[in-house]
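Comments concern the structure below.
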4 protein chains.
Amino acid sequence: MPKLGMEPVRRRALIGAAVEAIHEHGFCEVTMGQIAARAGVSAGLAHHYFGSKEQLLTATMRHLLSELGAEIVSRLSRAEGPRQRVSAVIAGNFAPGQFRPAVISAWLAFYVQAESLADARRLHGIYARRLRSNLVHDLARLVSRERAFAVADGAAALVDGIWLRQVLRVGEPDAATAIAMVEDYVALQLERGRM
Amino acid sequence: MPKLGMEPVRRRALIGAAVEAIHEHGFCEVTMGQIAARAGVSAGLAHHYFGSKEQLLTATMRHLLSELGAEIVSRLSRAEGPRQRVSAVIAGNFAPGQFRPAVISAWLAFYVQAESLADARRLHGIYARRLRSNLVHDLARLVSRERAFAVADGAAALVDGIWLRQVLRVGEPDAATAIAMVEDYVALQLERGRM
Amino acid sequence: MPKLGMEPVRRRALIGAAVEAIHEHGFCEVTMGQIAARAGVSAGLAHHYFGSKEQLLTATMRHLLSELGAEIVSRLSRAEGPRQRVSAVIAGNFAPGQFRPAVISAWLAFYVQAESLADARRLHGIYARRLRSNLVHDLARLVSRERAFAVADGAAALVDGIWLRQVLRVGEPDAATAIAMVEDYVALQLERGRM
Amino acid sequence: MPKLGMEPVRRRALIGAAVEAIHEHGFCEVTMGQIAARAGVSAGLAHHYFGSKEQLLTATMRHLLSELGAEIVSRLSRAEGPRQRVSAVIAGNFAPGQFRPAVISAWLAFYVQAESLADARRLHGIYARRLRSNLVHDLARLVSRERAFAVADGAAALVDGIWLRQVLRVGEPDAATAIAMVEDYVALQLERGRM
DNA sequence: AATGAATGAGTTTTCATTCAT
DNA sequence: GATGAATGAAAACTCATTCAT
């Protein structure tokens with residue numbers, strides 16, 4: 001029994017289902033049917049709302065990026081001073097809603113597919129540049145601009161590497177250890193920067 | 001014009017072609033036909049020698065892992081003392097034969113697919129554990145065993161993160177900068193370890 | 001022009017088409033495409049409903065067995081007394097819907113394939129045991145239990161042999177002669193049993 | 001190391017391998033490779049000697065028919081009088097070399113394929129007619145010509161049915177019981193014929 | 001005589017996508 | 001709004017067959 005205003009509900013459900021389906025079946029193998037079934041609708045409806053599989057996947061990636069961005073922004077708004085802002089970015093990357101198996105799988109899949117999926121590459125690039133400029137901006141108030149770039153790149157690589165290595169792990173991701181590792185890296189770099 | 005003893009030749013050619021085809025078409029999209037064509041043989045022959053697409057891809061991953069391992073082992077054999085050995089592992093990860101677009105694409109694709117491909121996961125796990133124990137062994141001669149674990153994990157995450165971020169980059173990978181970033185990380189950690 | 005509730009219609013059509021296609025092309029040679037075309041649908045739809053060629057063929061065999069079973073049961077329900085019941089079983093095996101070229105071809109193909117198709121063997125075994133126990137039960141009211149088994153086995157072998165030999169014949173199967181031959185065998189055996 | 005006069009050896013080996021391979025894999029599924037491997041040669045050689053898969057299978061059937069024929073002829077040559085000759089034919093059909101699983105499988109497969117394989121049909125027809133005329137000729141010396149035809153057909157159907165039902169059985173074929181069943185049938189028919 | 005390399009045609013199978021209802 | 005029916009294109013895979021050696 002169709003209801004009014006179902007569209008946003010369905011879209012969200014399908015995007016969530018896509019994330020989980022990618023995690024369960026793998027990015028390459030996942031089918032529209034699996035995603036739709038997981039969302040409790042027919043494959044036809046998924047097409048109706050998204051137009052194509054590629055568009056659904058792009059929307060899914062956009063969603064992952066904006067969720068992660070929101071986590072960071074929310075923490076940034078509560079941070080005081082550049083050092084806290086840097087920590088906010090780090091913590092945001094390992095927020096409970098983000099640093100969990102299904103999201104990690106999907107996120108990395110899009111990351112790696114970025115090479116072949118033009119849309120994925122573009123979206124990811126925008127996000128990465130914004131994140132970097134945020135970090136650099138804050139770090140530059142603590143160390144030289146030149147070093148700020150290096151520290152930002154190092155921290156970003158460390159974050160991405162930790163996400164990537166999570167794939168080989170078994171069991172639940174450990175956000176606290178992850179954050180500690182990145183914070184430790186930044187702290188060491190800043191210390192030196194001041195020496 | 002069939003010749004004798006072509007099997008190993010073909011197997012090597014197909015594995016090489018797989019790496020390049022994955023880079024060109026994307027891991028999900030690549031077909032046996034494309035790989036075979038690139039190796040200059042028919043798709044049937046690829047099946048004849050590898051049994052299935054999955055087995056060809058697994059063999060390809062195994063090859064990538066062993067090549068990387070060989071680079072590291074070769075550098076380790078020329079290293080003197082634990083500090084040089086750590087550098088050997090780092091440099092091996094960015095050796096010219098390894099840190100190039102096609103290999104990076106394929107490697108990451110397997111990394112991410114590890115979740116769904118049981119064989120890939122297993123192979124990757126074996127490799128990662130061996131690498132880690134190597135690093136820890138050498139680092140433990142420079143800092144406490146506890147810190148050796150932390151540094152090894154941090155360096156490994158940094159290496160993987162740099163590989164991953166290469167996907168978003170344009171142009172040729174810059175091994176020197178990559179190595180400098182990881183060496184810098186290790187140097188900072190060891191300095192502190194001695195303080 | 002899709003309609004609702006087509007699944008059972010298509011399944012039945014595909015099973016019927018399978019019987020005819022086996023007869024026309026031979027069990028080994030028949031393809032899903034031929035079966036689907038004969039049913040007026042695409043090969044994709046046949047897979048959609050049956051999952052695989054093997055499952056379609058298994059369903060076809062199940063259908064042949066149940067049709068034959070239904071013919072016998074229907075005749076048994078109208079039979080009075082054990083002697084008539086035995087005749088009902090015999091006549092059922094040569095009922096017009098059963099003893100015709102396409103069904104004979106398909107039936108025998110499954111019979112012979114039974115060795116390699118585990119499912120086919122199982123289904124056939126169930127059917128054969130049920131038929132035998134039916135026959136034995138009735139025959140045992142006319143002759144000793146020991147002889148009932150022998151007569152049931154002989155009659156069953158005769159029936160199967162007549163079906164098999166039909167393959168070498170040209171022209172329409174002759175049910176009347178077939179029935180007469182088996183009835184004659186049973187009659188002779190029962191006569192002696194009473195002597 | 002090729003030897004002179006290997007051809008007949010290879011041909012026999014390939015035919016024997018075909019019978020066993022059909023039994024093991026099923027008539028539809030068997031491949032030239034499996035047959036050749038079982039004969040200890042390459043698939044190419046099988047083609048070299050037989051020209052094609054179909055010709056190898058036809059040769060195999062011809063071989064099965066001639067072996068069975070030889071068993072019967074050999075027994076006929078030792079038989080005295082028409083009654084013994086009838087028994088010779090029956091016993092020949094269940095000779096140890098014939099009535100065993102692999103031969104039964106292959107034989108029946110050819111029987112059933114007779115519909116689509118023109119050669120199989122022709123060969124089988126020739127054999128069946130010769131067998132029948134043999135039987136009729138002897139039976140006609142014991143009962144009326146008219147009844148001789150009926151008894152020959154009944155016995156032949158019974159023999160074929162017993163072979164066919166062997167497919168559903170597990171364990172080794174029981175030639176003694178099979179022979180007893182057919183002999184019993186013939187005996188009963190002859191008794192009546194004399195009454 | 002015999003092999004193993006190689007292919008190409010053909011078959012099964014999968015799925016995104018479309019569309020009538 | 002939503003579904004299930006249906007397709008067609010593309011892919012994996014198999015295998016008989018050919019041929020150089």
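Because the structure is predicted, anything quoted here is derived from the model rather than measured. So you know, we letter chains A, B, ... as the sequences are listed, proteins then strands, and number each from 1. Only heavy atoms go into these numbers, but all of them, side chains included; no hydrogens, no water, no symmetry mates.
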task = With side chain to side chain donor-acceptor pair (under 3.5 Å) as the test, would you mind laying out the steps for A/T58 and A/Q55 before giving the verdict?
result = CA-CA 5 Å; A/T58 302; A/Q55 283 174 281; over 6 Å; no
ask   = Roughly how many Å is it from NE2 in B/H25 to C1' in F/dA11, rounded to a whole number?
value = 14 Å
task = Measure from the side-chain heavy atoms of C/M6 and tell me the nearest of F/dA2, E/dA16, F/dA6.
result = F/dA6
query = In whole angstroms, how far is the C1' atom of E/dT17 from the CG atom of A/L56?
reply = 14 Å
inquiry  = Using a 3.5 Å distance criterion without hydrogens, assess whether the side chain of C/R10 forms a donor-acceptor pair with backbone atoms of C/E7.
reply    = no
task = Using a 4.5 Å cut-off on heavy atoms from C-beta on, say whether the side chain of B/R12 contacts that of B/P8.
result = yes
inquiry  = Nearest whole Å is fine: how far is F/dC13 C1' from B/E54 CD?
reply    = 14 Å
task = Calculate the interatomic distance between B/M32 atom CE and F/dA11 atom C1'; express it in whole Å.
result = 11 Å
note = Closest to the 5' end of DNA chain E, once C/E29 and B/G44 are matched to their nearest nucleotides, is B/G44
key: Out of E/dT13, E/dT17, E/dT3, whichever nucleotide has its closest atom nearest the side chain of A/S52   = E/dT17
query = In whole angstrom, what separates D/L45's CG from E/dA5's P?
reply = 16 Å
ask   = Quick one: ring pair (Phe, Tyr, Trp, His ring centres under 6.0 Å) pairs with a partner in residues 31-55 of chain C, sequence neighbours left out?
value = none
request  = From the options E/dA2, E/dA6, E/dA16, select the nucleotide whose nearest atom is closest to the side chain of B/Y49.
outcome  = E/dA6
ask   = So, is C/H47 near the phosphate of E/dT14, with a side-chain N or O under 4.0 Å from OP1 or OP2?
value = no
Nearest-nucleotide comparison on DNA chain F, the residue closer to the 5′ end among B/H48 and C/E7 = C/E7
request  = Mind checking C/V30 for me? I need base, sugar-phosphate or nothing, with any heavy atom below 4.0 Å counting as a touch.
outcome  = sugar-phosphate
inquiry  = Here's a test of your reading of the structure: between C/Q34 and B/S42, which maps to the more 5' nucleotide of DNA chain E?
reply    = B/S42
inquiry  = Tell me whether D/R121 contacts the main-chain N or O of D/A118 through its side chain, where contact means a donor paired with an acceptor under 3.5 Å.
reply    = no
task = Could you check how far CZ of C/F50 sits from C1' of E/dT14, rounded to whole Å?
result = 18 Å
request  = Kindly say whether the aromatic ring centers of D/F110 and D/H124 come within a distance under 6.0 Å.
outcome  = no
request  = Give a yes/no on whether any side-chain N or O of C/R10 is located under 4.0 angstrom from OP1 or OP2 of F/dA5.
outcome  = no
message = Walk me through whether C/Y111 and D/L168 qualify under side-chain contact (heavy atoms from CB on, under 4.5 Å).
response = CA-CA 8 Å; C/Y111 213 135; D/L168 293 182; 3.7 Å; yes
message = If you only use heavy atoms from C-beta on, which nucleotide in E/dT12, E/dA6, F/dT17 is closest to the side chain of C/K53?
response = E/dT12
task = Just report the end-to-end axis angle for the helix from E/dA2-F/dT21 to E/dT21-F/dA2, five pairs per end, to 10 degrees.
result = 10°
ask   = Which of the following nucleotides, E/dT13, F/dA12, E/dA2, is nearest to the side chain of B/T31?
value = F/dA12
